[in-house]
Amino acid sequence: MSKIKLGRFLPATTPALLLVLVPLLVLAAAARASEPAPMAQVFIVASTPLAGVGLQKEQVASALQTASAGDIERSGALDLSDFLNRSLGSVHLNDNQGNPLMMDVSYRGYTASPLLGTPQGLSVYMDGVRLNQPFGDVVLWDLIPKEAIASVSLMAGANPLFGLNTLGGALAIRTKDGQTDPGTALEASVASFGRRNVGLRHGGSSANGLDWLLVANGWREAGWRDDSPSRLGQVFGKLGWHDARSSLKLTYAYARSRLNGNGLQEAQMLEERRASVFTKPDTTANHASFVNLEAQSRLSDWLQLAANAYYRNTRTATHNGDLNDEALGGSVYYTGQPADRVWLGANGFGNPAAENSAGFPSWRCIAHAGRNAEPNEKCTGLVTTTASGQQNAGLSAQVTFVTQGQGYRNQGVAGVGYDASRVRFLQSSQFGYLNPDRSITAVAAFADGSQDSEEAFDQRVDLDGRAHTWSVFGSDTLSLGTAWHLTLSARYNRTRLANSDHLFPYNNATTQGEQRGSLDGDHLFRRFNPAVGVSFTPSRALNAYAGYSESSRTPTSIELGCADPNFGCRLPNSMAGDPPLDQVVSTTWEAGLRGKLAGRSHWNLGLFRGDNHRDIIFVANTASTGYFKNVGKTRRAGVEAGISSVGDRLSLSADYTWLRATYQSPERLGSQANSGAEGGAVNVRRGDRIPSIPRHILKAAAGYQWRPFWSAGLQVIAIGRSFVRGNENNLHVAGVLSPDGISSFGAGHVPGYAVVNLNVSYQPDVAWTLSANVSNLADRRYASVGQLGPFAFAADGALRNTDSDGTSFFTPGAPRAVSLRLRHVF
């Protein structure tokens with residue numbers, strides 16, 4: 001694959017950055033000129049991504065969950081995604097990749113995932129900067145330093161103030177600084193699967209208003225599945241200055257990871273050995289740097305300014321070995337065929353013996369690759385390599401104003417934002433053959449459409465994408481006394497996305513008749529999203545709320561690049577064709593009650609319904625290819641309930657979610673191994689449930705401090721069953737011959753499961769802490785996600801080489817794991 005060369009990044013953004021940075025610096029320097037009365041800081045949650053004056057929880061007209069750094073530390077979670085799964089209601093994880101740092105986080109059926117092609121529905125912010133990557137809106141959880149997090153807030157619904165992709169909710173992360181988290185902490189941990197970690201945090205401040213923070217972390221593991229080592233390094237630094245009314249914070253973050261996620265495995269193979277993998281390798285390497293400048297100033301006792309400017313550079317490379325489905329059922333074994341024998345002899349391979357039809361063939365693949373004659377039909381493996389470079393920068397500013405009079409208080413926010421990005425994405429696929437250990441040996445033939453075969457295909461991609469988004473947003477909360485709070489908010493987004501295809505330019509006449517169209521395109525998306533909510537607090541013990549909100553997301557480059565029904569993609573990340581797609585618009589209705597009981601006890605009960613209009617999903621157009629398409633509507637609706645109590649020694653909590661995620665319009669979706677498949681697809685009816693989203697989510701926890709220095713906690717996470725991908729019609733029956741003549745041995749659902757986690761902490765004094773965590777205490781065998789696919793391997797592990805049978809694939813959940821951590825603070 002050719003090396004990515006990214007030119008000068010967005011020179012037009014430099015003047016825009018200066019226009020914001022220079023006034024901010026001048027404003028901060030002049031802040032000492034006067035000392036107005038400080039604005040009261042009685043708020044607990046930001047109303048926008050930027051820091052500044054926020055809202056009390058009782059004023060927020062939607063479900064809201066918050067957590068502190070202490071909550072994260074006590075949970076024993078490996079990273080932020082693990083903490084969200086352990087501690088927040090309506091959240092669950094789908095382990096598509098089989099790596100603990102590459103989880104799909106699902107909240108109310110909306111996803112924030114690191115996988116390209118996954119429909120994203122949650123926005124994630126850190127210190128006012130949107131972390132969803134420009135290419136595919138993916139969220140790379142491994143790049144977020146857990147030790148640097150001061151607090152997280154998970155806000156429900158299609159909140160327009162949090163910008164694009166906030167279809168089902170927004171996760172806002174605030175990081176620590178040296179003023180609020182002084183001191184030094186060292187920690188080291190060891191755990192099962194060869195996992196080990198060392199970390200450092202140091203923060204402090206001086207009398208002249210300066211503060212500083214440094215966080216460094218190194219983590220690695222051997223992994224519990226075959227050939228699944230991973231490693232991660234993170235550095236986070238923040239330098240700040242403040243006086244009585246203004247502050248500046250400059251943040252730099254760097255992260256580098258190499259993660260192996262061997263993903264789904266065939267169900268029968270899992271029964272034989274849960275550590276086995278289907279094919280390998282499946283490696284993702286991320287390398288990212290990030291700079292963010294934040295500024296705040298109280299201009300008067302009723303006016304506050306907040307702004308930030310950021311730059312981020314992310315490089316990602318993947319190397320994946322996969323089964324070549326096109327070879328299944330074909331003549332892949334060498335039996336001395338004349339053309340193969342002649343080529344092998346002439347090229348130094350001699351005259352190999354005929355291959356056993358129950359083994360793993362290689363000689364026909366080698367010979368056909370050398371002659372470029374049907375390697376796509378004779379080679380059982382495919383090695384796909386991708387490389388992407390993403391650079392994005394932006395700035396935003398907002399002013400918050402507060403007025404109050406007899407019996408009322410009004411808080412308004414008005415702001416603007418600008419984000420720009422450039423992406424270069426390369427992909428190539430090389431044919432190869434499967435080995436008994438499930439690795440792929442590559443041969444000298446590429447999936448570039450040049451094969452002498454009727455079924456030749458081209459999986460190359462060389463795409464350059466640029467996007468620019470301008471936003472204007474505002475919000476106003478009117479409080480009448482202490483009981484009634486009415487909030488109106490809105491955001492206008494204007495996004496221009498331009499794709500340039502370096503392989504098949506649109507004006508190149510030679511592309512006519514090729515297997516795919518050009519990725520060239522210039523797209524403009526505009527949308528005004530409103531929201532309205534009301535909150536009523538008749539007493540300190542009760543709060544009622546109701547709200548309606550709208551948000552949207554624009555199609556990503558990967559979806560626009562695979563949207564032509566005449567040039568279907570073999571895989572969601574094998575782009576081909578570029579007709580326009582509409583942006584997805586989400587509407588959320590919700591209402592609920594929350595309150596306080598005696599002591600430190602709280603409860604909540606809520607209803608919600610979110611509808612995605614013109615949702616984008618992957619649709620089949622042949623038995624083996626498909627494309628992204630706008631559909632009518634999908635829906636996520638449910639009920640949430642929770643209760644918690646914190647006593648002097650005993651703390652208890654429980655959260656339950658009933659969730660129904662359904663298609664609301666009929667469609668035809670690809671599914672070759674479904675018992676109802678005809679032409680490689682199934683018909684989905686209105687009301688059919690969306691796969692990978694469980695109906696029931698229950699979390700319960702108990703903690704006990706039986707001595708000042710001893711504490712323990714027990715947690716249960718119970719997830720109901722869900723349908724596997726490929727069973728979108730919810731009608732798959734194992735063992736039934738489909739109209740296409742395929743018999744699938746796999747179940748159409750992922751069974752429900754419950755996992756118990758235990759943590760124990762010993763703190764003899766304030767300086768030392770020794771803690772132990774046991775994940776999956778009962779060593780439960782479970783899976784969080786599944787998919788229907790080809791039944792390619794027999795029970796003894798041999799290649800079956802047939803395309804007439806299907807089965808179910810699951811990603812196995814990790815077995816029992818024990819970790820020990822020692823932490824010293826000074």
Side-chain angles (χ1 to χ4, degrees), residues 40-46 54-77 80 83-91 149-156 171-174 176 180-181 479 482-483 485 535-545 591-606 639-657 697-718 756-763 766 769 771 773:
Q41 293 296 298
V42 296
F43 306 100
I44 61 170
V45 60
L55 297 174
Q56 294 179 354
K57 188 172 185 178
E58 290 75 15
Q59 295 175 291
V60 178
S62 66
L64 170 67
Q65 300 178 77
T66 60
S68 66
D71 297 326
I72 297 174
E73 181 181 343
R74 287 187 294 270
S75 71
L80 177 59
F83 171 75
L84 298 175
N85 180 55
R86 290 173 180 241
S87 303
L88 299 191
S90 299
V91 175
I149 297 175
S151 66
V152 294
S153 299
L154 180 58
M155 287 155 279
L171 180 68
I173 304 166
R174 299 303 305 176
K176 300 173 181 176
T180 57
D181 287 274
S479 299
T482 60
H485 311 281
S535 176
F536 176 56
T537 308
S539 70
R540 293 186 177 184
L542 180 64
N543 172 238
Y545 64 88
L593 300 170
R594 51 198 169 205
K596 300 178 182 179
L597 302 174
R600 291 178 291 172
S601 299
H602 299 80
W603 61 273
N604 64 275
L605 176 65
V639 180
E640 297 170 325
I643 188 168
S644 65
S645 177
V646 178
D648 293 335
R649 290 194 173 187
L650 179 66
S651 62
L652 300 170
S653 67
D655 286 281
Y656 170 73
T657 302
I697 303 173
L698 173 65
K699 300 178 183 180
Y704 188 72
Q705 182 101 28
W706 67 82
R707 293 200 178 177
F709 45 84
W710 278 105
S711 63
L714 192 68
Q715 178 189 66
V716 178
I717 302 173
V756 179
N757 301 318
L758 172 68
N759 57 75
V760 179
S761 178
Y762 172 65
Q763 190 174 22
V766 295
T769 303
S771 58
N773 181 270

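Because the structure is a prediction, the values reported are computed rather than measured. Counting from 1, the numbers follow the sequence of the chain as shown.
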List the atom of [X], the atom of [Y], and the distance in Å for their closest heavy-atom pair.
X      : Y      : result
Thr657 : Gly89  : OG1-C, 4.5 Å
Ser153 : Thr66  : OG-CG2, 3.6 Å
Ala69  : Ile149 : CB-O, 3.3 Å
Gly642 : Asp655 : CA-OD1, 3.6 Å

Mind checking whether [X] and [Y] have side chains closer than 4.5 Å, heavy atoms only?
X      : Y      : result
Thr769 : Tyr762 : no
His602 : Ile643 : no
Leu171 : Leu80  : yes
Leu698 : Ile717 : no
Lys699 : Asn85  : yes
Leu154 : Val91  : yes
Phe83  : Val152 : yes
His485 : Ser479 : yes

Checklist line | side chain to side chain donor-acceptor pair (under 3.5 Å) contacts in which one or both residues fall within residues 705-717, not counting sequence neighbours | finding: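 Output for this query lists Gln715-Asn757.
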Margin query: I need the full list of side chain to side chain donor-acceptor pair (under 3.5 Å) pairs touching residues 639-654, with sequence neighbours left out, sorted by first then second residue.
Written below: Ser90-Glu640, Arg108-Glu640, Ser601-Ser645
Checklist line | CG on Leu55 to CG on Leu64, rounded to 0.5 Å | finding: 10.0 Å
Note to self: Please report the interatomic distance CG(Leu542) to CG(Leu593), rounded to the nearest 0.5 Å.
What the structure shows: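 Between Leu542 CG and Leu593 CG, I get 6.0 Å after rounding to 0.5 Å.
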Check: Under 6.0 Å between ring centres, would you say that holds for Tyr545 and Phe536?
Finding: no
Next item on the list: Would you please name every residue forming a side-chain hydrogen bond (donor to acceptor under 3.5 Å, both in side chains) with Asn773, sequence neighbours left out?
Entry: Ser775
Next item on the list: Would you tell me whether Ser87 and Asp71 have side-chain atoms, one donor and one acceptor, within less than 3.5 Å of each other?
Entry: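 Checked: Ser87/Asp71 side chains show no N/O donor-acceptor pair below 3.5 Å.
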Hey, is the main chain of [Y] close enough, under 3.5 Å, to the side chain of [X] for a donor-acceptor pair?
X      : Y      : answer
Glu73  : Gly70  : no
Ser535 : Glu58  : yes
Arg594 : Lys57  : yes
Thr537 : Ser539 : no

